[in-house]
Amino acid sequence: MASYFDEHDCEPLKDGEQPNHMLHMARLLLDSGLAAEWDLEYGRIFGGDGKTPPASKKIVESLPTHIVTPTEAALERKCPVCLGLFDEEDEVKEIPCSHKFHSKCILPWLDKVNSCPMCRHELPTDDPDYEAYKKHKARAKQREYEMEELHNSMFG
Ligand SMILES: [Zn+2]
Ligand SMILES: [Zn+2]
């Protein structure tokens with residue numbers, strides 16, 4: 001299969017030849033172009049109103065659950081969702097970012113959104129499209145970093 005660069009008459013690197021910064025830049029830009037298309041596509045599905053899929057059922061089921069002890073209740077900590085106290089005998093769930101909520105407060109939330117109401121830390125979802133989108137986002141970040149490094153090495 002002919003690649004983009006074959007079609008555009010670019011010579012592959014010969015032995016001992018230094019990689020061409022401009023070519024590398026062009027490749028990154030081409031990549032970012034594709035990324036922009038992805039962003040548009042996924043922006044339509046997940047972006048805009050900031051809608052995200054629910055957290056993975058399996059993950060939610062496996063969240064550590066804890067019953068508030070009298071000692072803990074005495075600390076008078078509050079649930080960030082309902083702003084009510086963690087009372088003795090209340091069932092509390094801890095999510096991976098270490099934030100704690102009443103089970104009855106966080107479960108309906110995770111049923112709609114996959115991120116922590118406090119810090120936006122994302123839990124895995126059961127939505128393969130969204131997971132692909134997240135991977136893509138991570139790659140885009142890496143690319144941004146590479147672009148910056150490249151820019152610094154050329155003009156820095
Ligand atoms: Zn609560
Ligand atoms: Zn959190």
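Order of listing sets the numbers, starting from 1, for every ligand and every atom in it. Quick note: residue numbers are just sequence positions, from 1.
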The protein N, O or S atoms lying under 2.8 Å from the Zn ion (ligand 1) are C79 SG, C82 SG, H102 ND1, C105 SG
Between D111 and K57, is there a side-chain N and carboxylate O pair less than 4.0 Å apart?
yes
Shortest non-hydrogen contact from L63 to L110?
CD1-CD1, 3.8 Å
Between E131 and T125: side-chain donor-acceptor atoms closer than 3.5 Å
yes
To the nearest 0.5 angstrom, please state how far the CD atom of E88 sits from the CD atom of E72.
10.0 Å
Where the Zn ion (ligand 2) is the corner point, what angle links SG of C97 with ND1 of H99, to 10°?
110°
Let me confirm one number: the CG-NE2 distance from N114 to H121, rounded to the nearest 0.5 Å.
9.5 Å
If you take all heavy atoms of P108 and C105, which pair is closest and at what distance?
CD-O, 3.5 Å
Metal site angle (apex the Zn ion (ligand 2)), SG from C116 and SG from C119, 10 degrees
110°
Look at the N, O or S atoms of H121, main chain and side chain alike, and state whether any lies under 2.8 Å from the Zn ion (ligand 2).
no
Side chains of S56 and D126: is there a donor and an acceptor less than 3.5 Å apart?
yes
